[in-house]
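To start, the structure under review is shown below, and the notes come after it.
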There are 2 protein chains.
Amino acid sequence: MSQTVDRALSILPLLAEGPADLGQVADRLGVHKSTALRLLRTLHEHGLVFRQSDQRYRLGARLFALAQEAVENLDVREIAHPHLLALNEKCGHTVHLAVYEEQEVLYIDKVESRYPVRMYSRIGKPVAITVAAVAKLLLSDFPEAERRAIAEKLDFPAYTSRSTPNAAAFLKELAQVREQGWATDLGGHEESINCVGAPIRGADGRVVAAMSVSAPNVVVTAEELLRLLPLVRRTAEAISREYSGHAPEK
Amino acid sequence: MSQTVDRALSILPLLAEGPADLGQVADRLGVHKSTALRLLRTLHEHGLVFRQSDQRYRLGARLFALAQEAVENLDVREIAHPHLLALNEKCGHTVHLAVYEEQEVLYIDKVESRYPVRMYSRIGKPVAITVAAVAKLLLSDFPEAERRAIAEKLDFPAYTSRSTPNAAAFLKELAQVREQGWATDLGGHEESINCVGAPIRGADGRVVAAMSVSAPNVVVTAEELLRLLPLVRRTAEAISREYSGHAPEK
DNA sequence: ATGAACGTTGCATATTGTGCAACGCCCTCG
DNA sequence: CGAGGGCGTTGCACAATATGCAACGTTCAT
């Protein structure tokens with residue numbers, strides 16, 4: 001909507017990939033060097049970008065500070081964190097917390113597995129929305145019309161043979177998740193990794209976040225992981241209670 | 001330098017203070033509502049800002065994703081290298097850079113001593129984790145429980161009479177290193193070789209790497225080497241600053 | 001019902017960002 | 001040592017672009 005700002009902001013993801021010099025930035029933006037220079041200067045003044053010793057540009061400290069504040073303002077995370085830690089303490093596996101925002105599902109917190117074989121995931125990165133347990137939980141709470149609208153727009157990549165194949169299957173699964181109040185991902189994203197998840201609800205009953213426990217086959221079988229379901233659900237409920245203003249229960 | 005971008009970016013710190021509606025943003029920017037709207041829309045399209053359910057604007061999780069990605073693509077070695085070279089230029093001794101990975105501490109960069117008598121080490125090779133200065137620095141940053149767990153699992157080979165003898169001594173030393181912010185290895189690995197090291201920290205204050213200067217007794221005594229400590233620490237701090245996105249200080 | 005508060009849109013204006021060309025600097029190669 | 005290329009930087013003329021205005025649509029409280 002604003003060309004100048006649009007161009008300036010496009011520089012950020014570009015620099016997130018790694019440092020770049022003026023020419024590279026100008027090329028990838030499709031603008032003249034002098035234009036890129038002015039944009040970079042403005043970003044620089046705001047501390048979002050800085051120049052490292054070899055003169056190349058990089059994302060700056062201010063961005064990290066802002067990012068920090070951005071997550072701190074997500075207070076679900078703050079409340080949930082100790083519960084996630086406690087859960088990890090009990091079962092030892094990787095625990096994730098995710099929210100839906102702007103057409104995406106994002107991990108906003110993670111407690112690493114204590115086992116040497118770990119699952120790869122990145123806090124802040126969008127999750128595989130068509131297969132992840134947390135994504136299904138978050139989407140299942142939308143009104144039906146919206147669920148359909150979203151499903152229609154999605155791609156359904158076949159990560160594995162068990163990935164959700166298409167919109168119809170996805171909607172069916174969302175309905176089931178909505179019904180039962182929990183979700184799984186059994187090898188839908190990576191063949192050897194399973195997850196069990198449960199929703200976190202606000203005072204009005206709407207799903208505000210979702211959490212899951214993930215573990216690779218080599219550590220526990222899907223069946224064993226499913227045995228953790230009651231524990232996961234209880235944790236999610238405890239977080240929900242605290243989040244919606246009730247005193248933490250013992 | 002670019003008014004439009006300047007205004008748009010000024011919105012971010014403003015929103016970091018807390019959610020705000022269109023009118024508030026326009027007021028604080030000193031521009032018309034319609035202008036503020038367009039700026040916010042552009043920020044919105046890039047996911048830096050999003051609209052919560054009550055229509056107010058807040059910082060978006062994409063900011064977090066961006067910062068995360070930037071950190072992942074950051075190469076400590078690349079940033080550190082020129083600083084290591086400069087340090088070697090000044091003192092002439094061997095300079096090492098190391099990281100912790102998968103239960104091991106690995107040298108990932110090295111600048112050779114200018115003296116004929118050199119210390120033997122290889123980039124990519126695990127270091128003697130119980131005695132090396134860089135290892136102590138990296139491990140000292142772990143939470144106490146984890147430090148203990150790691151220490152219990154280690155062997156404590158008696159390379160020399162000054163090698164760390166057991167887990168208890170090791171933990172005690174880690175605590176001290178953590179406290180003082182630097183570490184040494186005085187003949188703990190090879191009788192005649194001493195090292196001084198300092199930690200390199202990321203934007204969040206966590207230790208991401210460690211560096212050290214090593215020299216054999218025949219070139220400088222331990223005392224003389226220790227006199228380099230302030231220089232080593234300053235170098236490590238300069239790298240930390242640059243790594244965490246601050247402008248290099250003059 | 002009525003009005004206020006807020007977000008949104010189209011439009012005319014000139015402010016603002018743009019590309020160009022030229023300059024200076026550093027480094028490399030002949 | 002001097003020519004040449006690469007790169008960042010500056011000043012300028014032009015028009016593309018952002019801006020404020022005024023009017024409209026909604027929602028909410030009175």
Self-check item: Distance, nearest 0.5 Å, that separates NE2 of A:H189 from OG of A:S163
Solution: 8.5 Å
Quiz item: Nearest 0.5 Å, what's the CG-OG distance between A:L40 and B:S2?
Solution: 11.5 Å
Quiz item: Hey, are B:H96 and B:D109 close enough side-chain-wise for a donor-acceptor pair under 3.5 Å?
Solution: no
Quiz prompt | B:N194 and B:N217: side chain donor to acceptor below 3.5 Å | solution = yes
Quiz item: Looking at B:R7, does any N or O in its side chain come under 4.0 Å of the phosphate oxygens OP1/OP2 on D:dT19?
Solution: yes
Quiz item: Is any side-chain nitrogen or oxygen of B:T35 closer than 4.0 Å to OP1 or OP2 of D:dG20?
Solution: yes
Exercise. Would you grab the first and last nucleotide of DNA chain C (5' to 3') that comes under 4.0 Å of any non-hydrogen atom in chain A?
Key: C:dG17 to C:dC20
Quiz item: On DNA chain D, nearest-nucleotide positions of B:K33 versus A:S2: which is more 5'?
Solution: A:S2
Practice problem: On DNA chain D, check which nucleotide each of A:L22 and B:L39 is closest to and give me the residue with the more 5' one. | Solution: A:L22
Quiz item: Across the strands shown, which category fits A:R56 at heavy-atom distances under 4.0 angstrom: base, sugar-phosphate, nothing?
Solution: nothing
Quiz item: With a non-hydrogen cut-off below 4.0 angstrom, is B:S34 in contact with a base, only sugar-phosphate, or nothing?
Solution: base
Self-check item: For the student: nearest non-hydrogen atoms of A:A151 and A:A167, plus distance
Solution: O-CB, 3.9 Å
Self-check item: Sidechain-backbone polar pair: A:T130 side chain, A:T164 backbone, donor-acceptor under 3.5 Å
Solution: no
